[in-house]
Amino acid sequence: MTEKIKEKLFTPINAESLAVFRIFFGLIMLWEVTRYFNHGWIERYWVYPVFHFKYEWFHWVEPLSATGLSFLFYLLGLLSVFIIAGFLYRISASLLFLIFTYTFLLEQARYLNHFYLIMLISFLMVFLPAHKTWSIDALLMPQIREKWIPRWTTLLLQFQIGIVYFFGGIAKLNRDWLTGSPMDLWLPRRSEFPIIGNYFSIPEVTWFISYSGLLLDLLAFPLLMIRKTRPWIASALVLFHLLNDRFFSIGIFPWFMIAALTIYLPSLWPEQIYSYLREKSQNQLLLKVAVGVSGALITSWFHERISPIPFLIGFLITVILMWDFQKNPTEDSINQKTLRLPKKAGFVLTGLAIFCIMQIAIPLRHFAIPGNPSWTEEGHRFAWHMKLRSKSCDAIFFTDNPATMQREQIESALYLPNWQRNKMVKRPQLIVQFAGFLSGMNNEQSIYADIYCSLNGAPPRQLIDPNTDLTKVAFYDWKQNAWIYR
């Protein structure tokens, strides 16, 4: 069995597909960096706040000065360009992973699944031979140039992207989603959406969209791996991500996921598409380009503005889908090189097994904890629970006045900007940290909180025990916390 797995994982495939993925990844990271400068997010998220919420085991991570953080983001932009070009690739990929992870760890109130995904992908890119072709490194150092790379390199990316969909679907298998919430709260607010917006308040439409999203997430990974169903599910996923971008404005995530669909194509797809286009007459080629431009304009409409990266991705994915529907090639059709197992094949296999087991076990951990993770937050992070809930909370913090022996309210809103406070009041792990901060600002006194939350339109109820001294408890992500109400 082990030998068959090794043979499968180390079967040579063409290096072009991975090289294109590298270029897409670099372009999207460069776009993300420019967004931070254009929107002033460096100052907003890391310079102006007086308090930062930390991740477990990383309380020692502190933000640099405004100048230092700006320098890091300029460096991130430069590293993104180097990754696009395949220049000093291993060093560039390693530094990009370390710097991005550092910014991720600076503020837990900014946790988003797509930040976590980018961190994982940037980690994998350090080890993938994505610079063996179509790179400056391959031009400057011919000895590293390779046309063939082992199959595990693309299988690993297919797995990582696939589990985002799959566990996103698993997370939707809950009572609220199956009864149409929170879509029944979100969709009526988008009644201005052209043509179909007037129907968003109809319960059947809400149910249809909820179950469509559920089925897409659950079926995406297996159907992308099957040649016959690949172009159909890819087309559905492109529309899915475009709608998400229009409805929720969730940054680079939809565009990265659209670009990442190319990793499910046969590894020689760039060369095959080039040959496919060369076969066409001039008029046919112009028609294909016109259709591609139309696709780019449509994607820009969903994005509500014309931006270079979404326009480019829209053009390319349109052309790619046309080709895949017409040719629908398989990896087996490629003339592959003779299999040659490297000396460290066992070491690579062990590393892949550990990584994959972790990526399966971590999203499943909340099933071992009583309660709804969307309410308690236990096991919610790093589990691909995406756009799954509408949670609103009101919080009042108190301290004990030693002179009067009574509780007195603290003006907690003075210490946090709205974006931090809105996240904090919903998440017990952040509530505990903020209570520690408030205690320090009030002579190390005990801190209590009266917090009422509504989940997916349900009547508000208390989130945590109001009689618990929050300076005396900790939040554990992997087990039940007694001070959080179920």
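Under the side chain to side chain donor-acceptor pair (under 3.5 Å) criterion, Asp176 pairs with Asn456, not counting sequence neighbours. Residues meeting the side chain to side chain donor-acceptor pair (under 3.5 Å) test with Arg246, sequence neighbours left out: Glu304. In terms of the salt bridge (Lys or Arg N to Asp or Glu O under 4.0 Å) criterion, Arg227 has no residue partners (sequence neighbours excluded). Residues satisfying the side chain to side chain contact (heavy atoms under 4.5 Å, CB included) test with Arg110, not counting sequence neighbours, are Tyr36, Tyr45, Trp46, Glu107, Phe115, Trp419. For Thr318, the side chain to side chain contact (heavy atoms under 4.5 Å, CB included) criterion is met by Val291, not counting sequence neighbours. The side chain to side chain contact (heavy atoms under 4.5 Å, CB included) check on Leu157 picks up Leu18, Phe21, Ile121, Leu124, Leu128, Ile263, with sequence neighbours excluded. In this structure, the side chain to side chain donor-acceptor pair (under 3.5 Å) partners of Ser17, at least two apart in sequence or on a different chain, are Trp269. Looking at residues two or more places apart in sequence or on another chain, you find a side chain to side chain donor-acceptor pair (under 3.5 Å) between Gln326 and Tyr276. With sequence neighbours excluded, the residues satisfying side chain to side chain contact (heavy atoms under 4.5 Å, CB included) with Pro254 are His241, Asp245, Ile250.
With a 6.0 Å radius and a threshold of 12 heavy atoms from other residues, nucleotides or ligands, Phe37 has its CZ atom above the threshold. More than 12 heavy-atom neighbours from other residues, nucleotides or ligands sit within 6.0 angstrom of NZ on Lys280. For CE of Met141, the number of neighbouring non-hydrogen atoms (other residues, nucleotides, ligands) closer than 6.0 Å is greater than 12. Crowding of Trp301 atom CH2: a count of heavy atoms from other residues, nucleotides or ligands under 6.0 Å exceeding 12. Residue-environment remark: OH (Tyr74) stays at or below the threshold of 12 foreign heavy atoms within 6.0 Å. Counting heavy-atom neighbours within 6.0 Å of Glu279 CD, excluding the residue itself, gives a total above 12.
Annotation: the span from Met119 atom CE to Phe100 atom CZ amounts to 8.0 Å, rounded to 0.5 Å. Distance CG/Leu76 to CG/Leu30: 10.5 Å, rounded to 0.5 Å. A distance of 9.5 Å separates CD of Gln158 from CG of Leu265, quoted to the nearest 0.5 Å. Of the inter-residue distances, the one linking Ile360 atom CD1 with Phe166 atom CZ reads 9.0 Å to the nearest 0.5 angstrom. To the nearest 0.5 Å, atom CD1 of residue Ile226 and atom CH2 of residue Trp232 are 15.0 Å apart. Separation of atoms CE (Met424) and SG (Cys393) is listed at 10.0 Å; rounding is to 0.5 Å.
Side chain to side chain, Gln429 and Asp477 fail the donor-acceptor criterion of an N or O pair below 3.5 Å.
Inter-residue side-chain proximity for Asn328 and Pro231 is flagged as met; some heavy-atom pair is nearer than 4.5 Å. With contacts defined as side-chain heavy-atom distances shorter than 4.5 Å, the pair Leu105/Lys54 does not qualify. For the pair Arg22 and Met125, the minimum side-chain heavy-atom distance is below 4.5 Å. The closest side-chain heavy-atom distance from Ser212 to Phe240 is not below 4.5 Å. Taking the side chain as every heavy atom from C-beta outward, Phe87 and Leu140 approach each other to under 4.5 Å. Residues Thr299 and Phe311 have side chains not in contact (no heavy-atom distance under 4.5 Å, counting atoms from C-beta outward). No side-chain heavy atom of Ile369 sits under 4.5 Å from any side-chain heavy atom of Thr376. No side-chain heavy atom of Leu242 sits under 4.5 Å from any side-chain heavy atom of His303.
Counting only residues at least two apart or on different chains, no side chain to side chain donor-acceptor pair (under 3.5 Å) pair has a member in residues 79-104. Counting only residues at least two apart or in different chains, salt bridge (Lys or Arg N to Asp or Glu O under 4.0 Å) contacts with residues 287-300 are absent.
The backbone N or O of Ile13 sits nowhere less than 3.5 Å from a side-chain atom of Arg151 that would complete a donor-acceptor pair. At distances below 3.5 Å, not a single donor-acceptor pair connects side-chain atoms of Lys172 with backbone N or O atoms of Gly213. Side-chain N or O atoms of Ser307 include none that pairs as donor or acceptor with a backbone N or O of Ile309 at under 3.5 Å. Here the side chain of Ser275 pairs a donor or acceptor atom with the backbone of Glu271 at under 3.5 angstrom. No side-chain donor-acceptor contact under 3.5 Å links Asn481 to the backbone of Ile484. Of the possible polar contacts, none joining the Ser122 side chain to the Phe97 backbone as a donor-acceptor pair under 3.5 Å is found. Panel note: side chain Tyr165, backbone Leu216; no donor-acceptor pair is recorded below 3.5 Å. Gln284 contributes a side-chain N or O that, together with a main-chain N or O of Ser281, makes up a donor-acceptor pair within less than 3.5 Å.
One finds a salt bridge joining Arg381 and Glu56 here, because a Lys/Arg side-chain nitrogen approaches an Asp/Glu carboxylate oxygen to under 4.0 Å. Lys132 has no carboxylate O lying under 4.0 Å from a charged side-chain N of Glu16, or vice versa, which leaves the two without a salt bridge. Contact check on Arg389 versus Glu377 returns a salt bridge, with a Lys/Arg side-chain nitrogen under 4.0 Å from an Asp/Glu carboxylate oxygen.
The six-membered or imidazole ring of Phe355 lies away from that of Phe159, with a centre-to-centre distance of 6.0 Å or more. Taking the six-membered ring for Trp and the full ring otherwise, the centers of Phe24 and Phe256 sit at least 6.0 Å from each other. Taking the centre of each ring, Phe382 and Tyr116 come in below the 6.0 Å mark.
Taking the six-membered ring for Trp and thresholds of 30 and 60 degrees, Trp478 and Tyr476 have ring planes more than 60 degrees apart, a perpendicular arrangement.
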key: Derivation of the side-chain contact (heavy atoms from CB on, under 4.5 Å) call for Leu96 and Met29   = CA-CA 9 Å; Leu96 187 141; Met29 288 304 299; 4.3 Å; yes
task = May I have the step-by-step check of side-chain contact (heavy atoms from CB on, under 4.5 Å) for Asn14 and Lys147, ending in yes or no?
result = CA-CA 6 Å; Asn14 196 278; Lys147 183 177 180 180; 3.4 Å; yes
task = Please step through side-chain contact (heavy atoms from CB on, under 4.5 Å) for the pair Gln480 and Arg486, ending with a clear verdict.
result = CA-CA 9 Å; Gln480 181 174 347; Arg486 300 293 108 180; 3.5 Å; yes
task = Test Leu455 against Asn372 for side-chain contact (heavy atoms from CB on, under 4.5 Å), laying out the working first.
result = CA-CA 10 Å; Leu455 180 64; Asn372 181 355; 3.6 Å; yes
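Arg230 and Pro329 get closest at one heavy-atom pair: NH2-O, 3.0 Å.
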Listed pairs under 3.5 Å, donor-acceptor, residues 192-205 side chains, sequence neighbours left out:
unit_1	atom_1	unit_2	atom_2	d
Glu192	OE2	Arg190	NE	2.8
Glu192	OE2	Arg190	NH2	3.1

